[in-house]
Amino acid sequence: MLSSPHAPRIARPGVRSGVLLVVLALGLSAFSVGCADDSDTAAVSDGTEPLGIGKEVTVPISEAAAQLVSAGAEPHAVLRPSYAAGTTQQVTLRTEHRIQQQINDQPVRDFSTAPLTIPMTAQTNADGCDLTLGAVTSTDPALAKALTAAGGSHAGFEFSDDGAITALRLAPSPDTSNAARAALEQAFYQAVYRSIMFPDEAVGEGAVWTVHQEVDGGVTLDQVTTATLTHREGNRLTIDLNVTQIPKSKVWSLPNNAGTLDIQDYVMQGQGTITVDLGLPLPVSGTITVGGHQAYRDPTSQSNLQQTINTQVSWTE
């Protein structure tokens with residue numbers, strides 16, 4: 001799976017960093033932290049480029065598994081996306097990510113990223129859908145300016161028969177700046193993690209199923225999404241979602257052999273409601289909010305790092 005929007009990662013200027021835009025380096029006696037430089041002139045020390053520079057990049061997504069808990073009320077039917085190739089859909093994705101961080105007793109610092117609004121046109125094909133972005137906007141003036149060249153960029157999702165996203169394609173326009181590329185990647189990552197798949201069994205209103213997926217992003221997480229089908233009217237489904245993430249280890253091994261951090265506390269959970277149309281590739285409406293807190297300790301220096309995170313993903317027609 002893509003890097004988690006909640007698992008901590010090292011972020012360098014211009015380097016793909018999921019949604020945690022924080023430089024976290026383990027010092028000799030304490031943590032040091034800084035915000036990733038969003039300027040177009042930021043140099044990348046190891047030569048790594050953001051995704052999508054000059055070409056389309058396809059990122060595979062780890063396998064998800066759905067398990068039925070309750071079939072719900074009659075009538076029952078197997079839920080499967082069903083749309084002809086060439087079907088088009090106009091939809092807008094909006095994302096927002098807030099993060100506050102504190103090291104020991106230092107002042108709390110805010111590394112939140114500005115909300116992003118991405119209008120897009122989806123067109124289905126045999127494997128999923130292609131996306132053409134409209135005028136992408138942000139409430140942050142500097143980012144909004146950087147995003148002016150992103151209009152007309154392309155992306156896409158590949159789906160399995162049960163609706164699970166199996167791959168994400170990204171192809172920003174050639175003139176899109178590093179800051180704008182990173183913002184777009186972050187938004188689409190969040191959309192992937194808030195997607196839903198359907199069980200193999202026939203279900204009706206009131207049905208409950210879980211979706212298990214491993215999230216790899218420094219700290220490997222077990223993500224469990226519990227879905228409840230609250231209403232169906234033809235192809236339109238209203239689904240309540242509850243999301244939890246649990247670390248698979250009590251230790252975070254930092255990249256580049258920089259050491260380890262003990263995971264003292266990790267709580268990430270949230271909920272929301274989405275409306276999907278089985279005849280369309282993307283949600284037609286809904287909002288999902290996931291948040292919580294994380295606490296880490298350097299076993300050598302006993303320095304502490306605490307983070308409070310809140311992420312919101314919304315869809316509108």
Ring geometry between Phe198 and Trp209 (parallel below 30°, tilted from 30 to 60°, perpendicular above 60°) |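 Taking Phe198 first and then Trp209, their aromatic rings sit tilted (interplane angle of 30° to 60°).
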Would a hydrophobic clustering, with Ile, Leu, Val, Met, Phe, Trp and Tyr connected at side-chain separations under 4.5 Å, put Leu221 with Ile263?
->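 Yes; tracing contacts between hydrophobic side chains, which count when under 4.5 Å, links both residues.
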Could you tell me the separation between the [atom1] atom of [X] and the [atom2] atom of [Y], rounded to the nearest 0.5 Å?
{"X": "Gln102", "Y": "Gln307", "atom1": "CD", "atom2": "CD", "value": "11.5 Å"}
{"X": "Thr273", "Y": "Asp240", "atom1": "OG1", "atom2": "CG", "value": "3.5 Å"}
{"X": "His97", "Y": "Leu116", "atom1": "NE2", "atom2": "CG", "value": "13.0 Å"}

Taking only residues at least two apart or on different chains, which pairs with a member in [range] satisfy salt bridge (charged side-chain N to carboxylate O under 4.0 Å, His left out)?
{"range": "residues 271-287", "result": "Arg236-Asp277"}
{"range": "residues 248-275", "result": "Glu214-Lys248"}
{"range": "residues 71-87", "result": "Arg80-Asp200"}

Arg98, CZ: over 12 other non-hydrogen atoms inside 6.0 angstrom |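 Check fails, neighbour count at 12 or below.
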Could you pull out the closest heavy-atom pair between Thr176 and Ala150, with the gap in Å?
->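 The pair with the smallest heavy-atom distance is OG1-CA, 3.6 Å.
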Residue of the set Arg194, Gln271, Gln312 for which side-chain hydrogen bond (donor to acceptor under 3.5 Å, both in side chains) holds with Thr289 |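 Answer to the side-chain hydrogen bond (donor to acceptor under 3.5 Å, both in side chains) test with Thr289 among Arg194, Gln271, Gln312: Gln312.
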Which residues pass the salt bridge (charged side-chain N to carboxylate O under 4.0 Å, His left out) test with Arg169, sequence neighbours left out?
->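 Partners of Arg169 under the salt bridge (charged side-chain N to carboxylate O under 4.0 Å, His left out) test: Glu56, Asp130, Glu158.
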Connected-component partners of Ile246 among ILVMFWY, side-chain separation under 4.5 Å =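 When side chains under 4.5 Å apart are linked, Ile246 ends up in no cluster with other residues.
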Within residues 134-153 or reaching into it, pairs that qualify as side chain to side chain donor-acceptor pair (under 3.5 Å) - sequence neighbours excluded |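 Qualifying pairs: Ser153-Ser173.
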